Amino acid sequence: SHLEDFQVSLRLIADSVKKLDDDYDIQEFLKRKADFLEFDTMVLLSGDEIIYSNDNIIRNLQDLEGIKQSYKGKDYITKLDKQDFLFSVPVYDGNQEVAGVLAGLRRKEDMQKLLKTDSFNGSSLSLIVNQNGEVMIPPKDLEPFLSLQTIVDDRSDSKTIQNLNQLEEDIKNKKSGTFHFNDEDGNRIILSYHPISVNGWTLITMVPSAMIMNQTNQYIDRMVYIVTAICILFIVCLLLILSFFRKNREKLENIAFIDPLTEGYSNAAFQMKCEQLFQKAGDNAYTIVLLDVERFKLINRQYGTKAGDRTLCYIYKALTK
């Protein structure tokens, strides 16, 4: 989740900030990182020294539970009085012992932006609760979640009430789950919940079932188009390969069985034809005739090889007629 990403970013910054010695350099470094990560302020605690990235001072900083937990080596998010949230991570020295704490402050509105997603055309709503079911980060629109409260108050849907009881139990035990219910307008809603690795909190998300079906259908349509395109491409490739082999086979057959000069049967083709005929016929059914052109060399010598070739072609045509 985005919350976990922020904690990872803070840990990376904490690993870098311990290499700086000058307070001014540290403050400038924290200011740049606060702007980059969209923190309202960042603060480094090291012993009795506290360095802020700007003038946004956090009261009773040392007494906050999250700061105490980070001094014990834990990543933590503390919910402050004005719905602000303080991310904190330990800073380790060269001996891998906690030497301080790095913290970043985000406003409630900024935290709600983290829950906003472009999935399902922005129609999903999310909130984060702690293990006691207390809402830590609420959504901007509570109406879909209030439908659940109406169901509980009316006790009109025993199945949904059973699922809500299971949700409460799973949140305490850090388990995931999914169930559906119908809101006051009869719309089918899918609710899913998953624990995150921050403070034992749980992310709860609601999505209209129709939107899921719509995206599923779009996904299926895209897959059908892709598979169809792949099949067509495969068939075209197969036809090209077959055409290539057929043409090459014809070329090889022409080389093996066609005489290049007369375009009649070659000696190899003639022998194959004879073998086929002789297997089907009886004895003395065929006669093989051998022809020789007497003094053919005189033609080549007197008129040239081209004239000799034309003579052979003429004899072949005469014989075929």
Side-chain angles (χ1 to χ4, degrees), residues 1-115 126 128-132 134 136-137 171-176 194-203:
S1 68
H2 292 299
L3 297 179
E4 295 164 336
D5 293 340
F6 273 103
Q7 295 293 75
V8 171
S9 299
L10 272 181
R11 285 199 296 270
L12 294 174
I13 295 172
D15 187 59
S16 300
V17 76
K18 67 183 181 182
K19 301 175 182 178
L20 302 175
D21 296 326
D22 187 83
D23 290 352
Y24 177 78
D25 291 339
I26 294 175
Q27 187 175 32
E28 286 298 311
F29 177 78
L30 293 179
K31 183 177 180 180
R32 292 197 306 272
K33 297 305 179 181
D35 292 338
F36 178 74
L37 294 176
E38 297 182 348
F39 281 117
D40 291 278
T41 184
M42 288 186 68
V43 56
L44 175 66
L45 297 87
S46 181
D48 296 331
E49 186 179 18
I50 301 178
I51 301 175
Y52 285 91
S53 62
N54 52 38
D55 296 331
N56 294 331
I57 306 300
I58 304 172
R59 296 181 179 179
N60 302 319
L61 184 62
Q62 299 277 21
D63 297 330
L64 295 177
E65 179 63 23
I67 299 299
K68 294 178 180 179
Q69 291 294 331
S70 293
Y71 267 115
K72 295 178 181 179
K74 296 180 181 180
D75 295 350
Y76 211 83
I77 300 178
T78 306
K79 185 177 181 182
L80 305 181
D81 296 337
K82 296 181 180 180
Q83 299 293 323
D84 298 336
F85 291 84
L86 186 69
F87 294 73
S88 59
V89 297
V91 177
Y92 294 94
D93 59 18
N95 298 322
Q96 293 302 307
E97 294 185 0
V98 178
V101 172
L102 178 66
L105 180 72
R106 285 183 69 90
R107 303 295 180 187
K108 172 186 174 183
E109 295 76 14
D110 295 330
M111 296 297 287
Q112 288 177 325
K113 290 179 182 178
L114 296 180
L115 299 181
S126 300
I128 290 180
V129 300
N130 61 17
Q131 287 184 275
N132 297 323
E134 179 186 356
M136 304 306 295
I137 306 177
I171 288 176
K172 293 179 180 178
N173 296 318
K174 300 181 181 179
K175 294 182 179 180
S176 301
H194 303 277
I196 59 177
S197 60
V198 177
N199 296 23
W201 291 353
T202 297
L203 174 67

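Here the structure is a predicted model, which means the values were calculated and not measured.
Heavy atoms from other residues, nucleotides or ligands lying under 6.0 Å from NZ of Lys79 number more than 12.
Rounding to the nearest 0.5 angstrom, the gap separating the CG atom in Leu12 from the CD atom in Gln7 is 11.5 Å.
A 4.5 Å side-chain heavy-atom check between Gln62 and Lys68 finds every atom pair outside the cut-off. Within the 4.5 Å cutoff, no side-chain heavy atoms of Leu102 are placed close to those of Phe87. Using a 4.5 Å cut-off on side-chain heavy atoms (C-beta onward), Phe29 and Val17 make contact. A heavy-atom distance below 4.5 Å is not found between the side chains of Gln131 and Thr202. In this structure, the side chains of Arg32 and Asp35 stay at 4.5 Å or more apart for every pair of heavy atoms. Inter-residue side-chain proximity for Tyr52 and Lys31 is flagged as unmet; no heavy-atom pair is nearer than 4.5 Å. Taking the side chain as every heavy atom from C-beta outward, Ile58 and Leu86 approach each other to under 4.5 Å.
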All N/O donor-acceptor pairs, side-chain side in residues 38-46, below 3.5 Å, sequence neighbours left out:
unit_1: Asp40; atom_1: OD2; unit_2: Arg107; atom_2: N; d: 3.2
unit_1: Thr41; atom_1: OG1; unit_2: Ser53; atom_2: OG; d: 3.4
unit_1: Thr41; atom_1: OG1; unit_2: Asn54; atom_2: OD1; d: 3.0

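The backbone N or O of Gln96 lies less than 3.5 Å from a partner atom in the side chain of Asp93, making a donor-acceptor pair. At distances below 3.5 Å, at least one donor-acceptor pair connects side-chain atoms of Asn130 with backbone N or O atoms of Asn132. With hydrogens and angles disregarded, a donor-acceptor distance shorter than 3.5 Å links the side chain of Thr78 to the backbone of Gly66.
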